[in-house]
Amino acid sequence: MNELRLALTELTNLHRELLDISVEKTEWIKAGNIDNLQQTLVNERQLVRKIEKAEKIRTRLVNNWVEAEGMTEPNPTITFILEQMINETDKRELEEVAIGLTKVITELKAQEKLNLALINQSMQFVHMSLDLMSPSLKNMNYSNTDKPSTEQPNRSIFDSKA
């Protein structure tokens, strides 16, 4: 049981690191610093790989515990183990670590949701800026307002025939 608690503690620590990286991404997004954002994304990918390895270890330990207890649960979870545990001290310690991991993951999801909103807002600004830079030909040329005009597709002021 101690190994499982240590595995959950390791997962919690790795997720805290990922939360720190997510906060760092937020700052780079706000500052518009693409170079630092890209380096942060590389660091994030490396950390996600570590988390995947730690998660495999946790899964193996959970499955081993279920087998050692002689139970047959197709997809055992920490909650399932907590429900089956008899030793109250071990149960309380494991529960505290699992709750800590859940809290960090919840914070991480909220931070990533913020990052997504900031990126979407930046994209909207870029699209609006591009729309302002490519006015329609109707607005650029003088025309007779008495004649009904036929709609032409938007063309950039940089479009020209050679």
For residues 111-125, please give each side-chain donor-acceptor pair under 3.5 Å, one per line with the distance, not counting sequence neighbours.
residue	atom	partner	partner atom	Å
Q111	NE2	T26	OG1	2.5
E112	OE1	K25	NZ	3.1
E112	OE2	S22	OG	2.5
E112	OE2	K25	NZ	3.1
N115	OD1	T26	OG1	2.3
N115	ND2	S22	O	3.2
N115	ND2	S22	OG	3.2
N120	ND2	L116	O	3.4
S122	OG	L118	O	3.1

Evaluate the criterion side-chain hydrogen bond (donor to acceptor under 3.5 Å, both in side chains) for residue pair N43 and Q39; output intermediate values, then yes/no.
CA-CA 6 Å; N43 295 342; Q39 182 57 46; 3.2 Å; yes
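- Side-chain atoms of L41 and R45, non-hydrogen and from C-beta on, do get closer than 4.5 Å to each other.
- Both L8 and V62 are assigned to one and the same hydrophobic cluster, defined by single-linkage of ILVMFWY side chains at heavy-atom distances under 4.5 Å.
- There is no path of hydrophobic side-chain contacts, each under 4.5 Å, that joins V104 to L4.
- For the atom pair CE (M71) and CD1 (I81), the distance works out to 8.5 Å, reported to the nearest 0.5 Å.
- The closest side-chain heavy-atom distance from E73 to Q84 is not below 4.5 Å.
- Rounded to the nearest 0.5 angstrom, N36 CG and E24 CD are separated by 8.0 Å.
- Hydrophobic clustering, with ILVMFWY side chains joined whenever heavy atoms are under 4.5 angstrom apart, keeps L19 apart from I29.
- L6 and I57 fall into different hydrophobic clusters, where Ile, Leu, Val, Met, Phe, Trp and Tyr side chains are chained together by heavy-atom contacts under 4.5 Å.
- In this structure E93 satisfies the salt bridge (Lys or Arg N to Asp or Glu O under 4.0 Å) test together with R5, sequence neighbours excluded.
- Scanning both residues, L61 and A7, for their nearest heavy atoms gives CD1-CB, 3.7 Å.
- Note on V48: it clusters hydrophobically with L108, by side-chain heavy-atom contacts below 4.5 Å among ILVMFWY residues.
- Counting all heavy atoms, side chain and backbone alike, I105 lies closest to H15 at CG1-CD2, 3.6 Å.
- Of all heavy-atom pairs between E95 and L82, the closest is N-CD2, 3.8 Å.
- Nearest heavy-atom pair, L47 versus L18, reported as atom, atom and distance to 0.1 Å: CD2-N, 3.2 Å.
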For a side-chain contact (heavy atoms from CB on, under 4.5 Å) check, start with the C-alpha distance between L101 and I78, then their side-chain angles and the critical distance, and finish with the verdict.
CA-CA 11 Å; L101 176 59; I78 297 297; over 6 Å; no
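- One finds the OG1 atom of T40 at 11.0 Å from the CD1 atom of I34 (value rounded to the nearest 0.5 Å).
- The stretch residues 52-67 participates, sequence neighbours left out, in these side-chain hydrogen bond (donor to acceptor under 3.5 Å, both in side chains) pairs: E55-R58.
- Annotation: the span from I99 atom CD1 to T106 atom OG1 amounts to 11.5 Å, rounded to 0.5 Å.
- Distance check: K91 NZ to N87 CG gives 10.5 Å after rounding to the nearest 0.5 Å.
- Atoms CG and CE, from L94 and M85 in turn, are 5.5 Å apart once rounded to the nearest 0.5 Å.
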